[in-house]
Amino acid sequence: MNVNDTLTQAILAKKPCIIAKPGEPARKICPYRLGKSGKGEQNIIYYQHDGYTSRAGGLQPDGSTENWRCNHVADTGTAEIINEPWHEPVQKPKARGKCVVYDYVEVNYYD
């Protein structure tokens, strides 16, 4: 299964994943939305709860709204569904930004 298919299955089943970009350590995520940006790029919006982050200040405590991430699917080298608890922020963001404007799949009951 390719990265896009794995992320789609994880969203539909509401299952966390381990993803990695080439040359970077893995990160644990809960994928929420998969689709295209306004520029036509295939993107994934996810909540990161463990692992590597390139953001200054690092990963915040689990439940923080600062752990939302957006990545190009093409930049993700591997994705694997894992059998662990689902994670989400204490408060969901009011706006979703421009990461995914045209969604293909989204976690049920997210709104």
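Atoms CD1 and CG, from Ile81 and Leu7 in turn, are 8.5 Å apart once rounded to the nearest 0.5 Å. With rounding to the nearest 0.5 Å, the separation of CG in Asn71 from CD in Glu41 is 11.5 Å. The CD atom of Glu66 sits 13.0 Å away from the CD atom of Gln48 when rounded to the nearest 0.5 Å. One distance of note links CD of Glu88 with OH of Tyr47; it measures 9.0 Å at 0.5 Å rounding. Between atom CD1 of residue Ile18 and atom CD1 of residue Ile82 there is a gap of 4.5 Å, rounded to the nearest 0.5 Å. Once rounded to the nearest 0.5 Å, the distance linking NZ of Lys28 with SG of Cys17 reads 11.5 Å.
For the pair Gly77 and Pro22, the tightest heavy-atom approach, listed with the atom from each and the gap, is N-CD, 3.8 Å. Contact detail for Val101 and Gly38: the closest heavy-atom pair is CG2-N, 3.7 Å. Smallest separation of non-hydrogen atoms from Glu84 and Pro16: O-CG, 3.3 Å.
Hydrophobic clustering (ILVMFWY, side-chain heavy atoms < 4.5 Å, transitive): Leu12 and Ile44 are in one cluster. Tyr46 and Leu59 fall into different hydrophobic clusters, where Ile, Leu, Val, Met, Phe, Trp and Tyr side chains are chained together by heavy-atom contacts under 4.5 Å.
Side-chain atoms of Thr8 and Tyr104, non-hydrogen and from C-beta on, never get closer than 4.5 Å to each other. A 4.5 Å side-chain heavy-atom check between Thr6 and Ile19 finds every atom pair outside the cut-off. Asn43 is not listed as a side-chain neighbour of Lys98, based on a closest heavy-atom distance of 4.5 Å or more.
Partner of His87 under the side chain to side chain contact (heavy atoms under 4.5 Å, CB included) criterion, out of Asp62, Asp50, Ile29, Asn67: Asp62 alone.
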Start with the C-alpha distance between Gln42 and Leu34, add both sets of side-chain angles, then the distance that settles side chain to side chain contact (heavy atoms under 4.5 Å, CB included), and finish with yes or no.
CA-CA 7 Å; Gln42 180 84 355; Leu34 180 67; 3.8 Å; yes
Evaluation steps, side chain to side chain contact (heavy atoms under 4.5 Å, CB included), between Lys15 and Gln9:
CA-CA 8 Å; Lys15 293 283 189 181; Gln9 290 301 316; over 6 Å; no
How far apart are the C-alpha atoms of Arg55 and Gln60, what are their side-chain angles, what is the distance that settles it, and do they pass the side chain to side chain contact (heavy atoms under 4.5 Å, CB included) test?
CA-CA 10 Å; Arg55 280 199 185 174; Gln60 299 305 304; over 6 Å; no
Decide side chain to side chain contact (heavy atoms under 4.5 Å, CB included) for Val107 and Trp86; before the verdict, give the C-alpha distance in whole Å, the side-chain angles of both, and the deciding distance to 0.1 Å.
CA-CA 11 Å; Val107 167; Trp86 186 257; 3.9 Å; yes
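In this model, Cys70 has its SG atom within less than 2.5 Å of the SG atom of Cys99.
Under the 30°/60° scheme for interplanar angles, the aromatic rings of Trp68 and Tyr32 are found to stand perpendicular.
Heavy-atom contacts from other residues, nucleotides or ligands closer than 6.0 Å to NZ of Lys36 number 12 or fewer.
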